[in-house]
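Single-structure report; data block below.
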There are 2 protein chains.
Amino acid sequence: MNDNKINVSIVEDIDDIRNALRVLIDGSPGFECVHVYADAEDALRDMSSKDIDIVLMDIGLPGMDGIECMKILKPEMPKTQFMMCTVYDDDDHIFNALKTGASGYILKRTSPAQILEAIHDLYEGGSPMSSEIARRVVESMHKSEKRSEAVELLTPRENEILDFLARGYLYKEIAAKLFISKETVKKHIHSIYDKLHVQNRTEALNKAFPR
Amino acid sequence: MNDNKINVSIVEDIDDIRNALRVLIDGSPGFECVHVYADAEDALRDMSSKDIDIVLMDIGLPGMDGIECMKILKPEMPKTQFMMCTVYDDDDHIFNALKTGASGYILKRTSPAQILEAIHDLYEGGSPMSSEIARRVVESMHKSEKRSEAVELLTPRENEILDFLARGYLYKEIAAKLFISKETVKKHIHSIYDKLHVQNRTEALNKAFPR
DNA sequence: TAAAAAATATACCAAAAGGGTTATTGCAGT
DNA sequence: ACTGCAATAACCCTTTTGGTATATTTTTTA
């Protein structure tokens, strides 16, 4: 709605926190709090028709939680960015929120100045999160390294071919890409299955790249 | 090695940058630069025998790159944390580094004060990265949401069968599990491929469950 | 209640995948 | 010089997969 200010909406059930956030945002130049909602149902009814830059979304709400709420709202408001603002700092909530579309994740104990900074940062295309939250996210990526366990058994050539397998290529397509015969591809794949103790492509991929 | 200071090693091929980092770290109370290396091979030869808290690792090195180097060193130095310090800000390098075990990722244009802050932050268990880098990481998580896109096109029965496909079951095994004929399984799978616009199992799984 | 969608099943056919065997070449380490 | 491993390739064979078409029954929904 408004000229050059960052339009913010808040979904937060606790009156004191909601009001404090509103006061903080409205009292800061460059920011405007255009709507506040006390629960997910309220937000769903009203929010998608508005033009909002940033939504500050609590997770623990009465009834539908903030992640579910965002899941529904996000497709209707593609330009709006969601920042979770919550007391939960466990992996489940963090990953769920981020996977469902949150672009930022801050904890309620964040200082007012940092909250404003985070909103601004999000508006500018960043993903504000504390460095502990970032560590959780990064740690979760390390895991997809399970590959190595399987992969170290395989020769470089076999790994190369495994990558093609993962993309759904046919034997003959792999052969063409690598300038070798289809039979050789088959041989390599047989060795891969052998080493991974599996019988087919899908099982191999599940072992090599757990989802 | 040293009492209460944070021990840092540097792997960086450009003399000026390497020296500047060393001076910065040694000149700051609470930090000590214990080793510097000009390339990956040098670091591999020497580093794992030392007791190092943080490694500042460049990616673009002559010969072996910094990610490969870390991949080898990491298992030998489980207590050491790696921070990539590089000019590359593309997704490939970022994800590769983080998946391979980096806990922090900063760009070379980061200010000296922020570099020190990042090292300290990493030492305290955080994952320092600029908020643009964080955004890339978060964006990569949004994708796992693709399942719903695909899944909503499919009937409940088709989804059920998709799950079996994902586990590598044969048609006849799925048929036995569901007490239907193999031909019916085939029909369902054909509909799945049709709706997802794919030609085979692996492509279907990649669409439905991006890794 | 009528139409649409989903689940069930068969038949025919071609392509692809996978198991087993054997063999040659080149390269690394002993 | 010998050994072992990796990469290459060919052969035979069976099973699995996927395309197309057609048809019946059940369930959902307009």
Side-chain angles (χ1 to χ4, degrees), chain A residues 72 147-211, chain B residues 40-41 44-45 63-64 68 71-72 147-211:
Chain A
I72 298 169
R147 160 159 213 187
S148 53
E149 296 170 29
V151 158
E152 275 159 22
L153 296 170
L154 306 182
T155 68
R157 193 56 151 179
E158 285 161 0
N159 267 302
E160 201 177 352
I161 286 178
L162 185 60
D163 280 329
F164 284 109
L165 279 185
R167 285 179 234 141
Y169 283 65
L170 302 180
Y171 289 7
K172 62 179 173 189
E173 290 170 337
I174 299 174
K177 289 264 176 195
L178 298 180
F179 305 105
I180 58 180
S181 88
K182 195 179 74 178
E183 292 301 315
T184 304
V185 172
K186 210 171 90 171
K187 169 64 179 63
H188 285 308
I189 290 172
H190 189 268
S191 307
I192 293 170
Y193 293 174
D194 220 31
K195 292 180 182 175
L196 299 185
H197 306 295
V198 296
Q199 266 74 47
N200 60 52
R201 184 188 294 228
T202 305
E203 286 175 9
L205 299 182
N206 287 341
K207 276 227 173 175
F209 317 94
R211 315 219 180 222
Chain B
E41 290 74 13
L44 286 180
R45 237 186 319 274
M64 180 185 293
E68 266 309 305
K71 191 180 206 162
I72 297 168
R147 165 158 207 188
S148 51
E149 295 170 32
V151 160
E152 276 160 22
L153 296 170
L154 306 181
T155 68
R157 193 58 152 180
E158 283 162 0
N159 268 300
E160 201 177 352
I161 286 178
L162 184 60
D163 281 329
F164 284 108
L165 280 184
R167 284 179 238 142
Y169 283 66
L170 302 179
Y171 290 6
K172 61 180 174 189
E173 290 171 337
I174 300 174
K177 288 263 178 197
L178 298 179
F179 305 105
I180 57 179
S181 87
K182 193 180 74 179
E183 293 302 316
T184 305
V185 172
K186 212 171 90 169
K187 170 66 178 63
H188 285 308
I189 290 173
H190 188 264
S191 307
I192 293 171
Y193 294 174
D194 219 33
K195 291 179 183 175
L196 300 185
H197 306 294
V198 298
Q199 265 74 50
N200 61 50
R201 186 188 292 228
T202 305
E203 286 176 9
L205 298 183
N206 286 341
K207 276 226 172 175
F209 318 94
R211 315 217 180 225

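The sequence lines fix the lettering, A, B, ..., with proteins before strands; numbering per chain opens at 1.
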Could you go through B:M64 and B:L44, starting from their C-alpha distance and side-chain angles, then the distance that decides it, and tell me whether this counts as side-chain contact (heavy atoms from CB on, under 4.5 Å)?
CA-CA 10 Å; B:M64 180 185 293; B:L44 286 180; 3.8 Å; yes

To the nearest angstrom, how far is [X] atom [atom1] from [N] atom [atom2]?
{"X": "A:K187", "N": "C:dA23", "atom1": "NZ", "atom2": "C1'", "answer": "12 Å"}
{"X": "A:I161", "N": "D:dA6", "atom1": "CD1", "atom2": "C1'", "answer": "12 Å"}
{"X": "B:R157", "N": "C:dA9", "atom1": "CZ", "atom2": "P", "answer": "9 Å"}
{"X": "B:I174", "N": "D:dT16", "atom1": "CD1", "atom2": "C1'", "answer": "12 Å"}
{"X": "B:I180", "N": "C:dT10", "atom1": "CD1", "atom2": "P", "answer": "11 Å"}
{"X": "A:N159", "N": "D:dA6", "atom1": "CG", "atom2": "P", "answer": "12 Å"}
{"X": "A:E173", "N": "C:dA15", "atom1": "CD", "atom2": "C1'", "answer": "13 Å"}
{"X": "A:I192", "N": "C:dA17", "atom1": "CD1", "atom2": "P", "answer": "13 Å"}

Does a nitrogen or oxygen in the side chain of [X] sit under 4.0 Å from OP1 or OP2 of [N]?
{"X": "B:H188", "N": "C:dA6", "answer": "no"}
{"X": "A:T155", "N": "D:dA7", "answer": "yes"}
{"X": "A:S191", "N": "D:dA6", "answer": "no"}

So what does B:T184 touch, heavy atoms closer than 4.0 Å: a base, only the sugar-phosphate, or nothing?
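Base contact - B:T184 has a heavy atom under 4.0 Å of at least one base atom.
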
Quick test: give all pairs of protein nitrogen or oxygen and nucleotides 17-20 of chain D nitrogen or oxygen below 3.5 Å, distance rounded to 0.1 Å.
residue : atom : partner : partner atom : Å
D:dT17  : OP1  : B:R201  : NH2          : 3.0
D:dT17  : OP2  : B:Y171  : N            : 3.0
D:dG18  : OP1  : B:Y193  : OH           : 3.3
D:dG18  : OP1  : B:R201  : N            : 3.0
D:dG18  : OP2  : B:Y171  : OH           : 2.3
D:dG18  : OP2  : B:Y193  : OH           : 2.9
D:dG18  : O6   : B:K186  : NZ           : 2.8
D:dG19  : O6   : B:K186  : NZ           : 2.4

Can you tell me how far CZ of A:R157 sits from CD1 of A:I192, rounded to the nearest 0.5 angstrom?
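Answer rounded to 0.5 Å: 11.0 Å.
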
Option from B:E152, B:H190, B:E158 for which side chain to side chain donor-acceptor pair (under 3.5 Å) with B:K195 holds:
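The passing option is B:E158.
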
Sidechain N-carboxylate O distance under 4.0 Å for B:E203, A:R167:
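Salt bridge flag = no for A:R167 with B:E203.
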
